[in-house]
Amino acid sequence: MDISAAVETLRKGQSPAFPAEAKKRGFAEKLDAQDELRHLREEFILPTTKSLRKKALDSKVNGSSPDTAPHCNGTQNGLQNGDTQSDYVDSPSIYLVGNSLGAQPKAVRQYLDAQLETWASIGVNGHFTSLDESPLVSWQDMADDCAKRSTDIVGALPSEIVIMNTLTANLHFMMASFYRPTEKRHKIILEWKPFPSDWYAIESQIRWHGLDPAKSMVEIQPDDNFYIPTEKILSVIDEHASETALLLLPGIQYYSGQLFDIPRITRYAQERGIVVGWDLAHAAGNVELRLHDWNVDFAVWCTYKYINAGPGAIAGAFVHERHGKVEHSEDDGKFVFRPRLAGWYGGDKSVRFNMAKTFQPTPGAGGFQVSNPSAIDLASLSAALSVFNRTSMSALRSKSLLLTAYTEHLLNDILATQSGAGKQPPFRIITPRNPLERGTQLSVLLRPGLLEHVGKALKEGSVVCDQRKPDVIRVAPVPLYCTFLDVWRFAEIFRHAIETST
Ligand SMILES: *Cc1c(COP(=O)(O)O)cnc(C)c1O
């Protein structure tokens, strides 16, 4: 199979034709051998079949490499009934859960060690000094440094990115500045099934302004397949345009995996006087974004999913250049800037430590920062970004398009063999078929009653993936550290689980 031709097809929004041999393990291995990003897996520590069962700390951290992936000895399934886990050599798990918590980059330990040594050695001087040989800049400069190294991930100028807080907190801070309801324009348009935290944030902001969520929240409903056509979004915008203050959507819907047409929707809403914000929790580090060029007003994202900075790691926010201006008033010389909830770390570095009462924000997104950010947390993010800085979102997306299409192909093959006449198919993929309308994740809706059996089989096969009760499993083969062989092995274990479930 010609990989670059296949990627080109995918980039046109079409599925490539896989050959008949695509079902065979050797085909996956061939794709891995041709994968120009395969070395990046070496930058990560993946949980192993044994480490997943660890119950107590033992100071051992598993290494992992594709070479140690178990061989299936010519059998159909990686793990057979009756075999126990201890019969297997330790090998990396099949980690398909980057949409929930990315795997640990090896650099994290090195960067954290550097930070601990810096703190222990020079104490408070670490705020303004960095040590030679350290991968880190001074604590003062770390957030800016991480912003600079995130520009390719979100498609923004360094000054449009601020690294701070956590995702939901940033959603609140951004809404404090960008959701300015008036009597006439008070509505927020959202989708039918936002991540609960986003729902709570939106609802509580509306109440905070003394408004009624029943009147101010507008939900866009999907079709029968959990899909929301762009036309539907545009029609809801039209319907509520004159009363809407803010449109707030996820770049990728966490449940269905649908990637929205961010530039088109943004433009359409803005032309109708609506401010547009995006929650990029499932999009950042997953798909290519051009927030600056798309003229997005603001965006927020977390860094523990596809960016791999660790559980609850420090998050990011985007504020478009045009909202970050700080000007001097001609009349009274006071600073003029977009209203926001302010804190001292949003203050310009040149005067931050003067401890004055006048707030003079840093121009750009940095002026929305509030507190002194955790240097430990930033070290972890810095390490995670160092892996992204070895490649590009464009290269990652190219691999991801093919990896996900291959996953889909193998799942469809299972469906083809399992759905005879009169038989109800055991599952369906609810993520859009169009490769340009999804990221790496595929959401598989199982026939009711199958989740427990399938979930158990996946766990026994050391597949780490996400289950959303009652019936959905989400698999996210992440191009940074997942292989085509991982996907093939997952499909074999899944096939076996489906075959033995009826
Ligand atoms: C993961 C996720 C969150 C989690 O928010 P935190 O503030 O990081 O806990 C919120 N919203 C969406 C859409 C998410 O995917």
Side-chain angles (χ1 to χ4, degrees), residues 96-103 146 150 153-154 161-176 178-179 188-205 217 219-220 222 226 228 233 246-260 262 265 276-287 289 291 296 298-318 341 368-371 373-374 377-378 380-381 384 430-431 438-443 464-469 472-476 478:
L96 302 178
V97 78
N99 55 346
S100 186
L101 179 73
C146 286
S150 305
I153 292 178
V154 291
I161 300 172
V162 58
I163 302 298
M164 61 176 185
N165 311 326
T166 45
L167 174 54
T168 310
N170 285 342
L171 203 47
H172 276 299
F173 277 104
M174 288 297 120
M175 279 200 276
F178 287 92
Y179 176 53
I188 300 181
I189 298 178
L190 56 149
E191 43 100 11
W192 70 297
K193 197 180 174 65
F195 199 88
S197 200
D198 298 45
W199 176 275
Y200 306 148
I202 293 168
E203 187 181 47
S204 62
Q205 283 275 338
M217 284 169 97
E219 290 171 62
I220 307 171
F226 310 101
I228 309 180
I233 298 174
L246 176 65
L247 174 79
L248 185 54
L249 292 175
I252 290 180
Q253 212 287 340
Y254 82 98
Y255 182 75
S256 69
Q258 180 181 355
L259 166 61
F260 292 105
I262 300 176
I265 295 164
V276 181
W278 292 91
D279 183 331
L280 303 175
H282 284 261
N286 180 9
V287 294
L289 299 166
L291 298 182
V296 163
F298 73 90
V300 292
W301 61 95
C302 59
T303 62
Y304 49 81
K305 290 172 181 163
Y306 292 97
I307 301 179
N308 316 310
I314 195 164
F318 165 90
L341 294 181
F368 288 75
Q369 204 176 3
V370 183
S371 291
S374 159
D377 210 351
L378 284 165
S380 188
L381 175 59
I430 61 171
T431 304
R438 67 189 185 201
T440 175
Q441 171 186 323
L442 292 179
S443 303
V464 189
C465 71
D466 177 276
Q467 298 167 30
R468 291 281 135 173
K469 283 188 178 144
V472 168
I473 63 167
R474 303 183 302 164
V475 293
V478 173

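Values reported hereafter were calculated over all heavy atoms of this structure, with side chains retained and with hydrogens, waters and symmetry mates removed. Computed from a predicted structure; not experimentally measured. Numbering of ligands and ligand atoms starts at 1, following listing order.
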_For Asp466, all residues meeting salt bridge (Lys or Arg N to Asp or Glu O under 4.0 Å), sequence neighbours excluded_ =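 Scan of Asp466 (salt bridge (Lys or Arg N to Asp or Glu O under 4.0 Å), adjacent residues dropped) gives Arg468, Arg474.
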_Could you work out, with side-chain hydrogen bond (donor to acceptor under 3.5 Å, both in side chains) as the rule, every residue matching Gln253, not counting sequence neighbours?_
Glu191
Donor-acceptor contacts under 3.5 Å from residues 162-170 side chains, at least two apart:
residue, atom, partner, partner atom, Å
Asn165, ND2, Asn170, OD1, 2.9
Thr168, OG1, Ser197, OG, 2.7
Asn170, ND2, Met164, O, 2.9

_Give the residues near ligand 1 by chain and number, with the criterion being a heavy-atom distance under 4.0 Å._
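For ligand 1, the contacting residues are Leu167, Thr168, Phe195, Asp198, Asp279, Ala281, His282, Tyr304, Lys305.
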*If you round to the nearest 0.5 Å, how far is CZ of Arg438 from OG of Ser443?*
11.0 Å
_Spacing of CG belonging to Leu289 relative to CG belonging to Leu280, to within rounding of 0.5 Å_ =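 If we round to the nearest 0.5 Å, Leu289:CG and Leu280:CG are 5.5 Å apart.
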_Check against side chain to side chain contact (heavy atoms under 4.5 Å, CB included), Ile153 and Tyr306_ = CA-CA 10 Å; Ile153 292 178; Tyr306 292 97; over 6 Å; no
